[in-house]
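What you see is a predicted model, and the numbers here were worked out from it, not measured in a lab.
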Amino acid sequence: MDLRKGVLILTGALVGLLLIAAAPPVHEQETKPSACEGKYKGGKRVTPKELSRILEDHSKWRETLQKKGRKANLCGADLSGANLGRADLSKANLSKAFLGRANLSRADLSEADLSGANLSGANLRETDLERANLRGALLLRRANLREANLRRANLRGANVAGADLRWAKLHKANLRGANLDRADLR
């Protein structure tokens with residue numbers, strides 16, 4: 001075998017290994033969104049009083065290991081400009097919700113369903129989005145994800161163009177088909 005052929009084979013093998021290592025595990029590749037059957041589907045605005053009650057019920061649901069209270073279902077809700085900083089919405093259903101310009105800084109959205117949600121211009125600085133489903137979500141207009149925890153998050157097909165992802169934790173995040181055009185990934 002000549003040297004060129006050996007180098008080509010070795011290079012091909014290394015590229016193949018790198019592609020396999022970069023692929024997320026199968027259980028993270030496909031995360032199906034929840035059915036949008038909530039009270040707010042279709043873009044109904046959530047009043048501050050309703051939001052307070054929902055957060056309280058969700059907190060009780062989390063604290064009692066799902067025995068009391070109720071899981072937050074804000075599927076399709078209009079939460080534009082809402083202040084949800086430091087809120088605990090882990091495992092909540094926020095699929096197809098409109099969260100444009102919302103403050104979600106330091107919120108717990110781990111394992112939340114945000115598939116198809118519009119988070120354009122939202123402040124998600126230092127937010128916990130570990131294992132969150134952001135499949136097909138919109139994070140445009142300089143969405144702030146600085147220092148956010150996106151470990152094992154599903155961002156497949158998400159539009160993150162122009163978002164601020166500086167110092168974000170993206171370990172094992174699924175970014176297949178995501179639009180990262182002009183996103184700041186420093």
Please determine, by modelled atom types, if [X] and [Y] share a side-chain donor-acceptor pair under 3.5 angstrom.
X	Y	result
Arg106	Thr127	no
Ser80	Arg45	yes
Glu56	Ser59	no

Closest non-hydrogen atom pair, [X] against [Y]:
X	Y	result
Leu74	Ala97	O-CB, 3.7 Å
Ala143	Leu119	CB-O, 3.8 Å
Leu150	Ala168	CD1-CB, 4.4 Å
Asn73	Tyr40	O-CD1, 4.1 Å
Ala122	Leu99	CB-O, 3.6 Å
Cys36	Lys96	CB-NZ, 4.2 Å

To the nearest 0.5 Å, how far apart are [atom1] in [X] and [atom2] in [Y]?
X	Y	atom1	atom2	answer
Ser95	Leu134	OG	CG	11.5 Å
Glu111	Arg152	CD	CZ	11.0 Å
Arg186	Asp164	CZ	CG	8.0 Å
Asn149	Asp128	CG	CG	4.5 Å
Arg156	Arg135	CZ	CZ	5.0 Å

Within one Ile-Leu-Val-Met-Phe-Trp-Tyr cluster: [X] and [Y], side-chain cutoff 4.5 Å:
X	Y	answer
Phe98	Leu84	no
Trp167	Leu185	no
Leu138	Leu104	no
Leu79	Ile54	yes
Leu170	Val160	yes

Do the non-hydrogen side-chain atoms of [X] and [Y] ever get within less than 4.5 Å of each other?
X	Y	answer
Leu109	Leu94	yes
Lys71	His58	yes
Glu63	Lys68	no
Arg62	Lys91	yes
Leu89	Leu55	yes
Leu145	Leu129	yes
Leu139	Leu124	yes
Arg70	Trp61	no

Those residues that, when tested against Lys44, pass side-chain hydrogen bond (donor to acceptor under 3.5 Å, both in side chains) (two or more places apart):
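If we apply the side-chain hydrogen bond (donor to acceptor under 3.5 Å, both in side chains) test to Lys44, skipping adjacent residues, there are no hits.
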Asp181 side chain to Ala183 backbone, donor-acceptor under 3.5 Å
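Here the side-chain-to-backbone pair does not exist.
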Please check: side-chain N/O of Thr64 versus main-chain N/O of Lys60, any donor-acceptor pairing under 3.5 Å?
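Yes; at least one donor-acceptor contact below 3.5 Å.
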Do NZ/NE/NH1/NH2 and the carboxylate oxygens of Lys169 and Glu130 come within less than 4.0 Å?
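No, no charged N to carboxylate O under 4.0 Å.
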